[in-house]
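Presented below is the structure to which this report refers.
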Amino acid sequence: MEKVQGEMEIERWERSEEISDAEKKVIQETWSRVYANCEDVGVSILIRFFVNFPSAKQYFSQFKHMDDPLEMERSLQLRKHARRVMGAINTVVENLNDSEKVSSVLALVGKAHALKHKVEPIYFKKLTGVMLEVIAEEHGNDFTPEAHGAWTKMRTLIYTHVTAAYKEVGWAQYPTATL
């Protein structure tokens with residue numbers, strides 16, 4: 001499942017395309033339906049993330065030894081983290097028209113994960129990819145090609161801002177070329 005990507009892929013991911021006003025509206029409309037069930041969607045995203053990328057569990061002492069998706073689903077700690085993740089994304093989505101707020105929120109997330117939690121930044125790319133998969137599956141009727149394109153830009157925006165925070169704090173392992 002894991003593969004090595006070349007420098008061209010890394011460079012493409014480090015450049016964030018501007019999200020148009022129409023795309024912001026599509027993201028916000030789609031997100032309003034997703035966020036109506038934020039905890040369950042967040043739990044689905046994290047479970048799929050940990051099943052697809054079990055090495056990511058190493059950063060979570062409370063559930064790093066859980067392999068059973070049903071056990072993960074019942075974990076209060078996992079649910080709590082799902083609410084945090086969804087809350088952060090919600091703040092970004094609500095503030096798409098305020099680039100300073102978006103940068104600030106994602107910088108805080110990036111710095112906390114770099115300095116306090118020591119999470120490799122590549123996991124943000126992996127997590128946002130899983131997020132798009134789950135949203136597309138659970139909200140297929142709303143996830144038109146236009147919505148997918150807008151959310152792809154949103155995914156890149158999140159990863160770009162978070163990794164910028166890693167660079168700012170001098171994260172030693174950045175950049176990493178594995179996915």
Side-chain angles (χ1 to χ4, degrees), residues 9-19 23-24 27-28 30-32 34-35 37-64 72 75-135 150-179:
E9 181 70 12
I10 292 170
E11 289 174 16
R12 184 180 68 80
W13 266 97
E14 290 181 350
R15 287 181 304 217
S16 179
E17 285 186 60
E18 185 162 336
I19 301 173
E23 289 168 326
K24 289 175 187 176
I27 290 167
Q28 289 168 333
T30 308
W31 183 252
S32 69
V34 170
Y35 199 66
N37 194 17
C38 74
E39 185 173 327
D40 288 338
V41 174
V43 168
S44 294
I45 290 167
L46 289 182
I47 290 172
R48 175 145 341 149
F49 176 59
F50 292 136
V51 167
N52 290 353
F53 305 101
S55 60
K57 292 188 295 182
Q58 69 183 309
Y59 301 107
F60 299 90
S61 61
Q62 309 93 329
F63 43 88
K64 70 179 177 183
M72 287 183 217
S75 168
L76 295 178
Q77 294 87 358
L78 189 133
R79 287 190 165 277
K80 182 178 177 182
H81 193 67
R83 285 191 302 271
R84 274 196 203 128
V85 169
M86 297 297 279
I89 295 167
N90 187 59
T91 301
V92 170
V93 170
E94 285 181 343
N95 291 283
L96 281 174
N97 291 316
D98 183 347
S99 60
E100 288 183 25
K101 177 75 172 179
V102 168
S103 294
S104 174
V105 168
L106 294 173
L108 288 172
V109 170
K111 288 175 184 175
H113 284 79
L115 298 173
K116 182 178 179 186
H117 307 299
K118 311 284 189 228
V119 175
E120 292 180 51
I122 194 69
Y123 285 109
F124 283 93
K125 185 187 293 187
K126 294 175 182 184
L127 178 63
T128 56
V130 170
M131 179 183 74
L132 261 59
E133 290 173 12
V134 170
I135 292 172
W151 275 96
T152 299
K153 287 183 180 182
M154 175 73 165
R155 176 185 182 207
T156 304
L157 175 122
I158 292 169
Y159 182 72
T160 301
H161 281 76
V162 168
T163 55
Y166 273 75
K167 289 177 185 178
E168 187 179 316
V169 299
W171 178 258
Q173 289 85 8
Y174 186 85
T176 181
T178 60
L179 175 65

Residues Val43, Met72; criterion side-chain contact (heavy atoms from CB on, under 4.5 Å); working and verdict = CA-CA 8 Å; Val43 168; Met72 287 183 217; over 6 Å; no
Mind checking the [atom1]-[atom2] spacing from [X] to [Y]? Nearest 0.5 Å is all I need.
{"X": "Gln62", "Y": "Leu76", "atom1": "CD", "atom2": "CG", "answer": "11.0 Å"}
{"X": "Glu133", "Y": "Arg48", "atom1": "CD", "atom2": "CZ", "answer": "5.5 Å"}
{"X": "Ile47", "Y": "Asn52", "atom1": "CD1", "atom2": "CG", "answer": "11.5 Å"}
{"X": "Glu23", "Y": "Thr30", "atom1": "CD", "atom2": "OG1", "answer": "11.5 Å"}
{"X": "Lys101", "Y": "Leu106", "atom1": "NZ", "atom2": "CG", "answer": "11.0 Å"}
{"X": "Arg155", "Y": "Thr160", "atom1": "CZ", "atom2": "OG1", "answer": "10.5 Å"}

Please find the pair of heavy atoms, one from [X] and one from [Y], that lie closest to each other, and give the distance.
{"X": "Gly42", "Y": "Ala82", "value": "C-CB, 3.5 Å"}
{"X": "Pro121", "Y": "Thr163", "value": "CB-CG2, 3.8 Å"}
{"X": "Leu127", "Y": "Leu46", "value": "CD1-CD2, 4.1 Å"}
{"X": "Ala114", "Y": "Val169", "value": "CB-CG2, 3.9 Å"}
{"X": "Val92", "Y": "Val105", "value": "CG2-CG1, 4.0 Å"}
{"X": "Tyr166", "Y": "Glu120", "value": "OH-C, 4.2 Å"}

For the backbone of [Y] and the side chain of [X], can you confirm whether one donor and one acceptor N or O come within less than 3.5 Å of each other?
{"X": "His161", "Y": "Leu157", "result": "yes"}
{"X": "Gln58", "Y": "Ser55", "result": "yes"}
{"X": "Ser104", "Y": "Glu100", "result": "no"}

With a 4.5 Å limit on heavy-atom distance, are the side chains of Val85 and Ile45 in contact?
->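 Val85 does not reach Ile45 side chain to side chain.
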Yes or no on side-chain contact (heavy atoms from CB on, under 4.5 Å) for Phe63 and Gln77, after CA distance, side-chain angles and deciding distance?
-> CA-CA 8 Å; Phe63 43 88; Gln77 294 87 358; 4.0 Å; yes
Cation-pi check, Lys125 to Tyr159: give yes when NZ or CZ is under 6.0 Å from the six-membered ring centre and within 45° of the ring axis, no otherwise.
->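 Yes, cation above the ring, under 6.0 Å and within 45°.
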Classify the angle between the aromatic ring planes of Phe49 and Phe53 as parallel (below 30°), tilted (30 to 60°) or perpendicular (above 60°).
-> tilted
Val93: side-chain contact (heavy atoms from CB on, under 4.5 Å) partners, not counting sequence neighbours = Ile27, Gln28, Trp31, Ile89, Trp151, Met154
Can Tyr123 and His113 be said to form a side-chain contact (heavy atoms from CB on, under 4.5 Å), step by step?
-> CA-CA 10 Å; Tyr123 285 109; His113 284 79; over 6 Å; no
Verify side-chain contact (heavy atoms from CB on, under 4.5 Å) between Val34 and Met131, making sure each step is shown before the conclusion.
-> CA-CA 11 Å; Val34 170; Met131 179 183 74; over 6 Å; no
Could I get the full list of salt bridge (Lys or Arg N to Asp or Glu O under 4.0 Å) partners for Arg83, not counting sequence neighbours?
->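 Checked Arg83 against salt bridge (Lys or Arg N to Asp or Glu O under 4.0 Å); matches are Glu39.
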